[in-house]
Amino acid sequence: MRFFNTLSRRLEPFESRVPGQVGLYTCGPTVYNFAHVGNFRAYMFEDLLRRVLKHAGYAVTQVMNLTDVDDKTIRGAMAAGVPLQEYTRTFKLAFFDDLKTLAIEPAEVYPAATDHIPEMIELITVLLRKGFAYQSEDKSVYFSIAKFPEYGKLAHLDKSGLKAGARVAQDEYDKENLADFALWKAWDEKDGPVAWDSPWGRGRPGWHIECSAMSMKYLGESFDIHTGGVDNAFPHHEDEMAQSEAATGKPFVRYWLHCAHLVVEGKKMSKSLGNFFTLRDILAKGYSGREIRYVLLSAHYRQALNFCFDALDGARASLSRLDEFRLRMEQASGAGGSERNLPAYAEEARRLFFDSLEDDLSTAQALGALFDLVLEGNKAANEGRLTAGQARGIVALLDECDTVLGVLKKPAEQVDPAVNELVSQRQAARQAKDWAASDRIRDELARLGWTVKDTPQGPQLKRL
Ligand code: AMP
Ligand code: ZN
């Protein structure tokens, strides 16, 4: 297995620190609004990564934080005139609903920043003691990037123009404003009632220290993989790495993976640009979570993905082809038998599918392999070469692929075996030219809520 590591800017073979186990930290939502599909591109890529690791046999411990205190959440709560906790609660709950809609597997731990203030204070205390941090005249505590020569290694920063002692208090800033960043922000009136006691006076943590404290608490001082959208690489992850490594003296993370943006007409989908759709907006237009999931999975995670409704329509068509194929394979599996095997073309599709995913999550190639399987399987069935055992093997393979994709519907769970049996009987009646029996069975199927269409690929069941 190999992944593109932002730290080295290279594809690197993946080796976990502890054999068979992976510690994965995925920066979670800032719960100040409903997440938009751009955010879900990041969570979807992380879900895919987690599922691919699991399929390869790793036990994955994924931690996804909830940023429930930062500049944006405080601003939102103040504007709405409600307490911070109450304000963020709505969006936390919405976020978990959205994850379900998209069939994103739950992480093992969802730590909220406000539940980990003591851990953050502890970490800042260590940084002050070791001389990597200082308290400024405004009472806030800053990380001194000059004290940490390796600062800039993740985002490959050019530090030549750096002004010694310059400081930045906001959570988000760009490379032009490279400076000492806030670990602890002294209270000011913009924070309203949001403040905690600390050895440096009342205040609140900076965004970056939140993720350092929570990741190391649950995954240890060094762990395997840290991910996020590409906008997280600087300053958030750069700052996280500097704080963590300065405090522990150990390498923080082995592999840093970042997904490219979901874009709209060439621009990053974001709340600040106003060019965003929440998941709810898209569901309201009649698309399903499954279709959205398919679109987000279909492009490689390191390539910009242009969001448009045509892509959702394309996903609908692709999924219906996959559904029809699955149904056909189920029907060809016959009733009763259990022996299963894979024809050579399906073995090849399986190999290509999983090899592609283990090669830096190459989803487009993996989906290509899946559609080759559809083509070959249909061809074999049309030519009468597909045995029931092979059809069963293919259904099992689709299930296996779906442990990673999470988009292939499972009609087997919805179609009563008695219904499949009736379809087989009707097929036999038709072959015997017993039209009366065939019509009787069709009426019986209709009574059970199914219609059957005879196609060149054989009978196809559809819900009435
Ligand atoms: P935020 O809630 O702004 O902290 O973002 C949560 C996650 O979504 C982070 O990993 C971001 O990098 C990611 N993200 C935000 N906008 C986009 C986008 N347009 N495309 C892909 N990922 C994004
Ligand atoms: Zn983070």
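Keep in mind the model is a prediction, meaning the values are calculated, not measured. Counting convention: from 1, in listed order, for ligands and their atoms alike.
At a heavy-atom cutoff of 4.0 Å, ligand 1 is contacted by both the backbone and the side chain of L262. At a heavy-atom distance under 4.0 Å, no atom of E172 approaches ligand 1. The part of A260 lying near ligand 1 is the backbone, judged by heavy-atom distances below 4.0 Å.
We find the CG-OH distance between D180 and Y151 to be 9.0 Å, quoted to the nearest 0.5 Å. Between the CD1 atom in I74 and the CZ atom in R204 there is a gap of 3.5 Å [rounded to 0.5 Å]. With values rounded to the nearest 0.5 angstrom, E46 atom CD is found 9.5 Å from H226 atom NE2. Distance check: D98 CG to T278 OG1 gives 7.5 Å after rounding to the nearest 0.5 Å.
When the options V263, N275, D231 are ranked by their closest heavy atom to atom 11 (C) of ligand 1, first place goes to D231.
The shell of residues lying under 4.0 angstrom from ligand 1, judged by heavy atoms, includes H36. By the 4.0 Å heavy-atom criterion, K271 is excluded from the residues contacting ligand 1. Under the 4.0 angstrom criterion for non-hydrogen atoms, Y32 is not in contact with ligand 1.
For ligand 1, the atoms lying closer than 4.0 Å to a non-hydrogen atom of M269 are 16 (N), 18 (C), 19 (N). Near G228, meaning under 4.0 Å from any of its heavy atoms, are these atoms of ligand 1: 10 (O). Close contacts of ligand 1 with K72, meaning ligand atoms under 4.0 Å from a residue heavy atom, involve 3 (O).
Applying the ring-ring contact (aromatic ring centres under 6.0 Å, His included) test to every pair with at least one member in residues 42-83, sequence neighbours left out, gives these pairs: F14-Y58, F40-Y43, Y43-F95, F45-Y301, H55-F354.
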Exercise for the section: Would you please test R254 and E15 for salt bridge (charged side-chain N to carboxylate O under 4.0 Å, His left out) and show each step? Expected result: CA-CA 9 Å; R254 178 80 178 78; E15 263 176 58; over 6 Å; no
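With the Zn ion (ligand 2) at the apex, C27 SG and H236 NE2 define an angle of roughly 110° (rounded to 10 degrees).
Any N or O atom pair closer than 3.5 Å counts here, and H261 shares no such pair with ligand 1. In terms of polar-atom proximity, defined here as any N/O pair under 3.5 Å, R41 makes no such contact with ligand 1. Below 3.5 Å of separation, one finds an N or O of G38 facing an N or O of ligand 1.
Around CZ of R89, the count of heavy atoms belonging to other residues, nucleotides or ligands within 6.0 Å does not exceed 12. The neighbour count for K250 NZ, taken as heavy atoms of other residues, nucleotides or ligands under 6.0 Å away, does not exceed 12. Annotation for R302: atom CZ counts as buried by contact number, over 12 foreign heavy atoms lying within 6.0 Å.
Remark: minimum distance from atom 15 (C) of ligand 1 to any protein heavy atom is reached at N39 ND2, 3.2 Å. Ranking the protein heavy atoms by distance from atom 6 (C) of ligand 1 puts Y43 OH, 3.0 Å first. Scanning the protein for heavy atoms near atom 2 (O) of ligand 1, the closest one is T30 N, 3.1 Å. If you check which protein heavy atom lies closest to atom 10 (O) of ligand 1, you get N232 OD1, 2.9 Å.
With 2.8 Å as the limit, H208 does not count as an N, O or S neighbour of the Zn ion (ligand 2). In summary, H237 places no N/O/S atom under 2.8 Å from the Zn ion (ligand 2), failing the contact criterion.
The side-chain tip of K285 points at the ring of F309 from less than 6.0 angstrom away and within 45° of straight on.
In this structure, the side chain of R326 does not engage the main chain of D323 through any donor-acceptor pair within 3.5 Å.
A salt bridge links R50 with E108; the closest basic N to acidic carboxylate O contact falls under 4.0 Å.
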